[in-house]
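This structure is a prediction, so every number in the text was calculated from the model and none was measured.
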Amino acid sequence: MGAQQAADRFAALYGAEPEGVWAAPGRVNLIGEHTDYNDGFVMPFALPHQALAAVSRRTDGILRLHSADVEGGIVELRLDALAPESDREWTAYPAGVVWALREAGHEITGADVHLSSTVPTGAGLSSSAALEVVIALALNDLYDLGLQRWKLARLCQRAENVYVGAPTGIMDQTASACCEQGHALFLDTRDLSQQQIPFDLAAEGLRLLVVDTQVKHAHSGGEYGRRRAGCEKGAALLGVDALRDVPYDELDAALARLGDEEEVIRLVRHVVTEDERVERTVALLRAGDPRSIGPILTEGHASLRDDFRISCPELDLVVDTALAHGALGARMTGGGFGGSAIVLAEATDVDTLTKTIEEAFAAASFTTPRAFEAVPSAGAHRLT
């Protein structure tokens, strides 16, 4: 899927060449799950899988959207009629970005858009964030808005939170907008400070395998929101602005203060320990010791499974099978309740691990998973 193909399809749809073609990637989160909306630390990197947008401006207050990945023709929307939670279709993501830009005072007068994407949907790889960021970057360029990447990510998060109605944190959009090739992004979600951490597994003879379980999830579902509300309750009970403010070495004392709030205790324990896992991972990668992050990934999965309780049998099967057959570490990644797991392994073991996981799924009568290598790739950029 390339820029010329997107441009040609745009011309066939709209009768003229686009003003440009942009790309924005999906992401894998290496470590730091459900910490972003708790002002904590995350460590995603961009995938080579990306959303493409061929776009031209309009001046008549009309937004026309088309997707190569969804059945149906062009969807036409009026900008002055865009309203939060008025759209439950795929168009809510690009339309929400236009709404957020206009709500922030930017004069967007319309656009023709053709979209296509290779980011798997429902796999926990941020297909929605890729759609949002590619639209934001295109309009930022075309309308000469001059917005920095972190600001575009903030506006895209607002689009997803308010317009779509999904209570997601800032990580996905920031990863899509800001990641660099060959690096993982160490992001402090409180102040949005960023550090690019070298992450070249191939040079060390390692691979990171993504296993899409084919179990679909949706962030706008109630379980995600309930976990977030529980974290906010925990922060309130502990008298802190966010769970990021609970020191790791004071965790036991903090949990004791929560009394019989068993669910809140589990959520707090996960978030505080997960922030510490991110910091350990950063230290090991900076020290040039990527193999040693394997056990940290596995710790993270146990915490997500047992404390946050957002795993599923398919995700657990990937992790358990991989670890039983020589993987250095494995965990679920993304919002949970389905989606993907990641497996850190020696390069020589990848083919065997992939086959073994597929056989385990077949034996359990699960849908065949989709596995591919995760290569740290570039963030959003203009193609033409």
Side-chain angles (χ1 to χ4, degrees), residues 29-44 124 157 160-162 165-172 186-193 217-283 293 295-313 315-316 319-320 329-339 341:
N29 192 24
L30 180 63
I31 192 73
E33 219 66 78
H34 288 269
T35 50
D36 57 347
Y37 54 79
N38 289 290
D39 283 2
F41 304 122
V42 294
M43 201 173 186
Q157 183 200 15
E160 188 150 350
N161 288 173
V162 180
T168 54
I170 190 63
M171 174 181 64
D172 296 350
F186 178 34
L187 174 66
D188 182 334
T189 64
R190 169 164 284 170
D191 62 14
L192 298 187
S193 60
H217 74 161
H219 274 166
S220 53
E223 290 297 325
Y224 185 101
R226 278 191 281 275
R227 300 299 188 286
R228 181 166 184 166
C231 290
E232 291 168 352
K233 180 179 180 180
L237 289 172
L238 292 171
V240 295
D241 290 337
L243 293 183
R244 183 262 186 72
D245 297 313
V246 179
Y248 175 74
D249 58 4
E250 298 177 15
L251 176 58
D252 289 344
L255 297 181
R257 288 164 52 199
L258 293 172
D260 59 357
E261 293 278 356
E262 292 185 12
E263 181 178 6
V264 174
I265 287 171
R266 288 189 286 99
L267 298 178
V268 171
R269 183 166 53 222
H270 166 73
V271 172
V272 175
T273 59
E274 187 80 346
D275 274 335
E276 190 269 344
R277 281 187 284 272
V278 176
E279 293 183 293
R280 271 194 284 151
T281 299
V282 170
I293 73 171
I296 303 176
L297 303 183
T298 305
E299 285 176 31
H301 182 77
S303 183
L304 290 162
R305 181 192 64 210
D306 300 336
D307 277 345
F308 231 68
R309 300 188 180 180
I310 57 171
S311 190
C312 67
L315 288 168
D316 292 341
V319 171
D320 293 345
R331 76 171 189 91
M332 60 157 286
T333 186
F337 311 106

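In this structure, the side chain of N38 does not engage the main chain of G40 through any donor-acceptor pair within 3.5 Å. Listed for the E33 side chain is no donor-acceptor partner under 3.5 Å among the backbone atoms of T333. Under the 3.5 Å distance criterion, the side-chain polar atoms of D275 are matched with a main-chain donor or acceptor of F41.
Considering every non-hydrogen atom in both L238 and A254, the closest pair reads CD2-O, 3.4 Å. Nearest heavy atoms, H34 versus I310: NE2-CD1, 3.2 Å. The heavy-atom pair separating G225 from P167 by the smallest distance is CA-CG, 4.0 Å. Nearest heavy atoms, G32 versus M171: O-SD, 4.3 Å.
Here the side chains of I31 and L297 are in contact, with some heavy-atom distance below 4.5 Å. Between Y224 and T168 there is a side-chain heavy-atom pair separated by less than 4.5 Å. Between F308 and V271 there is a side-chain heavy-atom pair separated by less than 4.5 Å. Counting heavy atoms from C-beta on, the side chains of V268 and L237 never come closer than 4.5 Å. Looking at L304 and S311, their side chains never come closer than 4.5 Å, going by heavy atoms from C-beta outward. Looking at T189 and T35, their side chains never come closer than 4.5 Å, going by heavy atoms from C-beta outward.
A donor atom on one side chain and an acceptor atom on the other are not found under 3.5 Å apart for R277 and T281.
Shown here are the salt bridge (Lys or Arg N to Asp or Glu O under 4.0 Å) partners of E232, two or more places apart in sequence or in another chain: R228. Residues satisfying the salt bridge (Lys or Arg N to Asp or Glu O under 4.0 Å) test with R190, not counting sequence neighbours, are D39, D245. By the side chain to side chain contact (heavy atoms under 4.5 Å, CB included) test, A229 pairs with no residue at all, sequence neighbours left out. Applying the side chain to side chain donor-acceptor pair (under 3.5 Å) rule to D320 yields no partners; only residues at least two apart in sequence or on another chain are considered. With sequence neighbours excluded, the residues that form a salt bridge (Lys or Arg N to Asp or Glu O under 4.0 Å) with D188 are R244. Remark: P247 engages D249, E250 in a side chain to side chain contact (heavy atoms under 4.5 Å, CB included) (not counting sequence neighbours). Contacts of D252 classified as side chain to side chain donor-acceptor pair (under 3.5 Å), with partners at least two apart in sequence or in another chain: none. When the side chain to side chain donor-acceptor pair (under 3.5 Å) test is applied to R280, the partners found at least two apart in sequence or on another chain are E276, E299. In this structure, the side chain to side chain contact (heavy atoms under 4.5 Å, CB included) partners of T298, at least two apart in sequence or on a different chain, are L323.
Put simply, OH on Y37 and CZ on R227 are 8.5 Å apart, with the number rounded to the nearest 0.5 Å.
Residue pairs meeting the side chain to side chain donor-acceptor pair (under 3.5 Å) criterion with at least one partner in residues 254-271, sequence neighbours excluded, are K233-E261, R269-D307, H270-S303. Annotation: ring-ring contact (aromatic ring centres under 6.0 Å, His included) contacts involving residues 239-261, sequence neighbours excluded, are absent.
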